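These notes concern the structure reproduced below.
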Amino acid sequence: MYAQMIKSEASQEDPEQLEAFQARIDAGMKIEPKDWMPEGYRKTLIRQIGQHAHSEIVGQLPEGNWITRAPTLERKAILLAKVQDEAGHGLYLYCAAETLGVTRDDLTRDLLSGKMKYSSIFNYPTLTWADMGAVGWLVDGAAIMNQVPLQRTSYGPYARAMVRICKEESFHQRQGYDIMMKMANGTPAQRKMAQDALNRFWYPSLMMFGPSDKDSVHSAQSMAWKIKMNTNDELRQKFVDQTVPQAEYLGLTVPDEHLKWNEETGHYDFSEPDWSEFYDVLKGSGPCNTERLEARNKAWDDGRWVREGLLAHAAKKRAAKVAAE
Ligand code: BYC
């Protein structure tokens with residue numbers, strides 16, 4: 001339906017303008033906020049950047065949950081810094097989306113009402129300290145795999161936001177792997193926790209890349225516009241190829257009995273995630289969907305007095321300035 005809407009919008013646009021726009025994209029030029037752009041391009045970016053921003057904000061919840069329970073002061077400081085980075089990423093991305101003519105309030109309203117999505121991964125619970133390792137290693141690892149190519153995306157403000165985000169995500173991934181190394185080389189109980197975390201986060205991490213290419217609604221158009229640089233399956237395969245040796249180094253087992261190095265293709269063969277679970281999570285039936293949206297709605301309601309106070313203060317300052325002129 002979305003793809004049809006984009007097509008029908010394009011049919012009302014000037015074919016010459018559309019052709020010139022596509023030529024700029026094909027030549028690798030960046031599109032900037034004041035440039036003409038097809039309505040479909042603008043809407044697709046708002047959807048993707050908005051969902052991405054929401055993922056960063058909601059993504060703070062499963063890790064924020066462990067700040068008070070981190071095992072050492074050092075681990076607490078590191079985790080706190082990571083969670084704060086995610087807030088920063090959300091803010092750069094909301095700013096990038098605002099250059100397309102939406103406000104952060106519009107996007108926030110659509111998140112809080114459940115109209116806009118955020119990454120499926122954040123609807124899974126973080127049950128033990130080893131999950132902080134698995135999230136950093138696998139979830140941030142998957143995020144980097146997806147976001148490094150987005151530094152070359154065609155929309156200037158999005159591409160530039162990605163540069164800083166990717167630098168920070170690398171630190172996040174390393175801190176996660178460092179936790180996993182400690183746990184995997186620790187006591188038998190710690191090792192068991194590390195394996196259990198890998199077992200629970202493996203398939204949800206594979207789902208982060210989106211549905212199989214054959215079921216991906218937006219990939220073809222988004223790739224033609226260079227809003228996406230790779231297909232979902234390409235990035236998923238790269239992630240598996242990179243992560244399996246890391247699991248082996250930890251001495252942990254990837255929970256996939258069909259996982260096997262394929263000499264011919266030069267890649268690992270692996271099992272697809274359970275796509276019915278993925279679509280259930282997208283529909284709101286994941287283990288933590290309700291809890292996550294409730295937490296964001298509560299934060300919005302609790303912060304009302306701050307927003308109102310800031311607006312009242314700005315109005316007072318404006319009035320004082322006018323009176324002094
Ligand atoms: N979760 O046609 P497709 C982070 C939806 S934050 C939920 O392939 P597209 C981090 C998709 O939206 C990581 N929904 O879509 C933060 C579409 O539905 P709509 C976030 C998903 O857009 C804190 C439908 O399925 N990263 O790393 O071409 C702490 C069909 O899919 C998901 C980004 O957002 C999913 N996993 O491709 C730690 C990166 N997958 O919108 C870490 C930017 C698909 O039509 N985004 N859907 O209702 C992208 O690269 C692309 O949007 C995706 C999906 C690859 C995710």
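Predicted, not measured: the structure shown is a model, and the values here were computed from it. Every heavy atom of this structure was used, including side-chain atoms; hydrogens, water molecules and symmetry mates were not. Atoms within each ligand, like the ligands themselves, are counted from 1 in listed order.
Between F239 and the options Y268, W137, F209, a ring-ring contact (aromatic ring centres under 6.0 Å, His included) holds for only F209.
Using a 4.0 Å cut-off between heavy atoms, Y118 contacts ligand 1 through its backbone alone, with no side-chain atom that close. Only side-chain heavy atoms of N232 come within less than 4.0 Å of ligand 1; its backbone N, CA, C and O stay farther off. Proximity of N146 to ligand 1, defined as any heavy-atom pair under 4.0 Å, is confined to the side chain (atoms from C-beta onward). Contact annotation: for S222 versus ligand 1, there are no heavy atoms closer than 4.0 Å. At a 4.0 Å heavy-atom cut-off, ligand 1 touches H218 through backbone and side chain alike. At a 4.0 Å heavy-atom cut-off, ligand 1 touches D140 through the side chain alone.
Across the listed options Q60, Q48, H172, H52, Q48 owns the non-hydrogen atom lying nearest to atom 46 (N) of ligand 1. Scanning S55, S216, A87 for the heavy atom closest to atom 20 (C) of ligand 1 points to S55.
Against a heavy-atom cut-off of under 4.0 Å, Q51 is close to the following atoms of ligand 1: 12 (O), 41 (O). Near K228, meaning under 4.0 Å from one of its heavy atoms, ligand 1 places the atoms 8 (O), 9 (P), 28 (O), 37 (O).
Counting non-hydrogen atoms of neighbouring residues, nucleotides and ligands closer than 6.0 angstrom, the CZ atom of R307 exceeds 12 such neighbours. Around OH of Y279, the count of heavy atoms belonging to other residues, nucleotides or ligands within 6.0 Å exceeds 12.
Taking the six-membered ring for Trp and thresholds of 30 and 60 degrees, W275 and F278 have ring planes more than 60 degrees apart, a perpendicular arrangement.
At least one heavy atom of Y158 sits under 4.0 Å from some atom of ligand 1. At least one heavy atom of P211 sits closer than 4.0 Å to an atom of ligand 1.
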